> 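Supplied in structure tokens, the structure appears directly below.
Remember, it's a predicted structure, so these values are computed and weren't measured experimentally. Read the numbers this way: they start at 1 and go in the same order the structure lists the ligands and their atoms. Numbers for residues simply follow the sequence, beginning at 1.
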Amino acid sequence: MTFLYKADPARGEIWARLFAQRAPELGFRLWPDLGDTADIRYLAAWQPPDDILGTLPNLEVIFSVGAGVDQFDFGGIPAHIPVVRMVEPGIVEGMVEYVCQGVLSVHRDIFEYGRQQQQACWREIPVRPASSCRVGVLGLGMLGTAVLERLRLFGYACAGWSRSARAIAGVTCYAGAEELDAFLSRTDVLVCLLPLTSATRGLLDAKLLGKLPRGASLIQTGRGAHLQQQDLLRLLDDEHLRYALLDVTDPEPLPADHPLWAHPRVRITPHIASATRPETAVVAVLDNIERYRAGLPMIGQVDRERGY
Ligand code: NDP
Ligand code: OXD
């Protein structure tokens, strides 16, 4: 039984070391060093190889090294091979930190002070209590829930929106298309933590963002293709939206002359909001392999119909 890792090679070296410590009985190979492909039963990848069964004839499970799986071409993955996304505490912690700094930067006017600094301007802005800042998170899964649970501790007025109804202590939960407008109309800082699916592609358009109160801000940590970039630019220029913090764009990176780069009220980070942490990810993957071998459901198994 062998495990194949096909993603960033430097991280792969860390996975190799951790596998040797924690599961020495399991062979470990780093792409493209395949050895005897007949041995390979498990694959961890950001993107699987083309012609999966031609390359890995005995493959049984594919693990995504990321929480999102929109980069997978499910049409090319045989139906009998389960795909499991990354559910591990390291990726959650990173996202909690990133979104909290984004919300705090909007609420405590760090964006605005950055603009003032450009003009050597020393001007105080009155501090508003956190309770007056209404944060709304699109997506109440592993990441959205953890982010809201932490934001709530600062005293923000927290809400979230998901496909099916959810309940999170201290968070007003909305669900489905019929409750989206009510969620948007009470949201001053909108955080996107949705998966990219056929239902969510392009969702962040002028129609949706226009339903936020005037002066609202966007923190986009989902996927670049959720956002209609031209609509965002128009809403920023009309001053309907105040700030946008974009960790993901479409494409990545944006072309050098794209107007979002230079926009004074946009900040862009290079898809670093969070990443799988090898130390905790390896524990989660090995646990799932044990579950699979015992005939138990794996944690994070993707529902191909839903696309996440
Ligand atoms: P989960 O699968 O745990 O949660 C997804 C949430 O989105 C669920 O609450 C789900 O609803 C909701 N949702 C899905 N489709 C819809 C829809 N059509 N309408 C309303 N709600 C919907 O995902 P994670 O929290 O683990 O990750 C979310 C995304 O974050 C990833 O897919 C990835 O795109 C992004 N990400 C970005 C990173 C970065 O560094 N920028 C790092 C990691 C992830 P329901 O609860 O009803 O199923
Ligand atoms: C992920 C990501 O999906 O890093 O894990 O974007």
> Would you call Arg29 and Asp39 a salt bridge, using N to O less than 4.0 angstrom?
yes
> For ligand 1, indicate whether the residue Val248 contacts it via side chain, backbone, both or neither (heavy-atom separation under 4.0 Å).
side chain
> Identify the closest protein heavy atom to atom 33 (C) of ligand 1: which residue and atom is it, and at what distance?
Arg223 NH1, 3.5 Å
> Is there a donor in the side chain of Glu60 and an acceptor in the side chain of Tyr292, or the other way round, less than 3.5 Å apart?
yes
> Which residue and non-hydrogen atom of the protein lie closest to atom 28 (C) of ligand 1, and at what distance in Å?
Leu193 O, 3.4 Å
> Checking Glu88 side chain against Ile91 main chain: does a donor-acceptor pair fall under 3.5 Å?
yes
> Relative to the heavy atoms of Leu194, which atoms of ligand 1 are at a distance of less than 4.0 Å?
7 (O), 12 (C), 13 (N), 21 (N), 22 (C), 29 (C), 34 (O)
> If you measure from each non-hydrogen atom of Val248 to ligand 2, which part falls under 4.0 Å: side chain, backbone, both or neither?
neither
> Examine Leu143 against ligand 1 and note whether any of their N/O atoms are separated by less than 3.5 Å.
yes
> Evaluating non-hydrogen atoms only, which member of Arg85, His271, Glu88, Gln71 is closest to atom 2 (C) of ligand 2?
His271
> If you count the atoms of ligand 1 from 1 in the order shown, which ones are under 4.0 Å from a heavy atom of Ala67?
26 (O), 43 (C), 44 (C)
> For atom 4 (O) of ligand 1, what is the nearest protein heavy atom, given as residue, atom name and distance?
Gly141 CA, 3.1 Å
> With a 4.0 Å cut-off on N to O distance, would you call Arg223 and Glu252 a salt bridge?
no
> Indicate yes or no for a side-chain donor-acceptor contact from Trp161 to the backbone of Val137 under 3.5 Å, with no hydrogens or angles considered.
no
> Quick check on contacts: which atoms of ligand 2 are under 4.0 angstrom from a heavy atom of Ile91?
5 (O)
> Just do the side chain to side chain donor-acceptor pair (under 3.5 Å) check on Tyr98 and Thr269 with the steps written out, would you?
CA-CA 10 Å; Tyr98 184 91; Thr269 52; 2.6 Å; yes
> Gly222 heavy atoms, cut-off 4.0 Å: which ligand 1 atoms fall inside?
34 (O), 35 (C), 37 (C)
> Please classify the Ala275 to ligand 2 contact at 4.0 Å (heavy-atom distances, strictly less than): side chain, backbone, both or neither.
neither
> What is the closest protein heavy atom to atom 26 (O) of ligand 1, and at what distance does it sit?
Arg85 NH1, 2.9 Å
> Could you tell me whether the side chain of Ser162 and the main chain of Ser164 form a donor-acceptor pair under 3.5 Å?
yes
> Can you list the ligand 2 atoms lying under 4.0 Å from a non-hydrogen atom of Ser274?
4 (O)
> Please confirm whether the backbone N or O of Tyr243 pairs with a side-chain atom of Ser217, one donor and one acceptor, at under 3.5 Å?
yes
> Applying a 4.0 Å heavy-atom criterion (strictly less than), which segment of Asp247 is in contact with ligand 1: side chain, backbone, both, or neither?
side chain
> Using a strict 4.0 Å threshold on nitrogen-to-oxygen distance, state whether Glu290 and Arg293 make a salt bridge.
no
> Any idea which of Tyr174, Tyr308, Trp161 brings a heavy atom closest to atom 19 (N) of ligand 1?
Trp161
> Starting from atom 21 (N) of ligand 1, find the nearest protein heavy-atom neighbour and note its residue, name and distance.
Arg163 N, 2.9 Å
> For residues 173-181, please give each side-chain donor-acceptor pair under 3.5 Å, one per line with the distance, not counting sequence neighbours.
unit_1: Glu179; atom_1: OE1; unit_2: Ala175; atom_2: N; d: 2.9
unit_1: Asp181; atom_1: OD1; unit_2: Lys211; atom_2: NZ; d: 3.3

> Counting only heavy atoms closer than 4.0 Å, does ligand 2 sit against the backbone of Arg223, its side chain, both, or neither?
side chain
> Quick one: look up the protein heavy atom nearest atom 38 (C) of ligand 1 and list residue, atom name and how far away it is.
Met95 CE, 3.4 Å
> To which protein heavy atom is atom 37 (C) of ligand 1 closest, and what is the distance rounded to 0.1 Å?
Thr221 O, 3.1 Å
> Supply the atom-to-atom distance Thr55 OG1 to Trp31 CH2, rounded to the nearest 0.5 angstrom.
5.5 Å
> If we set the cut-off at 4.0 Å for heavy atoms, which region of Thr145 has an atom near ligand 1: side chain, backbone, both, or neither?
neither
> Kindly confirm or rule out an N or O of Ala67 lying under 3.5 angstrom from an N or O of ligand 2.
yes
> With respect to atom 5 (C) of ligand 1, which of Gly94, Pro195, Ser164, Ala225 exhibits the smallest heavy-atom separation?
Pro195
> Give, for atom CD of Gln220 and atom SG of Cys192, the distance between the pair rounded to the nearest 0.5 Å.
4.5 Å
> Just let me know how Ala199 lines up against ligand 1, side chain, backbone, both or neither, with a heavy-atom cut-off below 4.0 Å.
side chain
> If you take the nearest heavy atom of each of Leu140, Leu180, Leu138, which one is closest to atom 9 (O) of ligand 1?
Leu140
> Taking the six-membered ring for Trp, are the ring centroids of Phe154 and His107 within less than 6.0 Å of each other?
no
> Does ligand 2 have an atom under 4.0 Å from some heavy atom of Ser64?
no
> Of Ala275, Ser64, Ser274, which has the heavy atom at the shortest distance from atom 40 (O) of ligand 1?
Ser274
> Number the atoms of ligand 1 from 1 as they appear, then name those within less than 4.0 Å of a heavy atom of His271, with their elements.
39 (C), 40 (O), 41 (N)
> Is a side-chain N or O of Gln71 found less than 3.5 angstrom from the main chain of Gly68, in a donor-acceptor match?
yes
> Return the orientation label for the Phe19 and Phe28 ring planes: parallel under 30°, perpendicular over 60°, tilted otherwise.
tilted
> Measuring only between side-chain heavy atoms, which start at C-beta, is Leu148 closer than 4.5 Å to Leu140?
yes
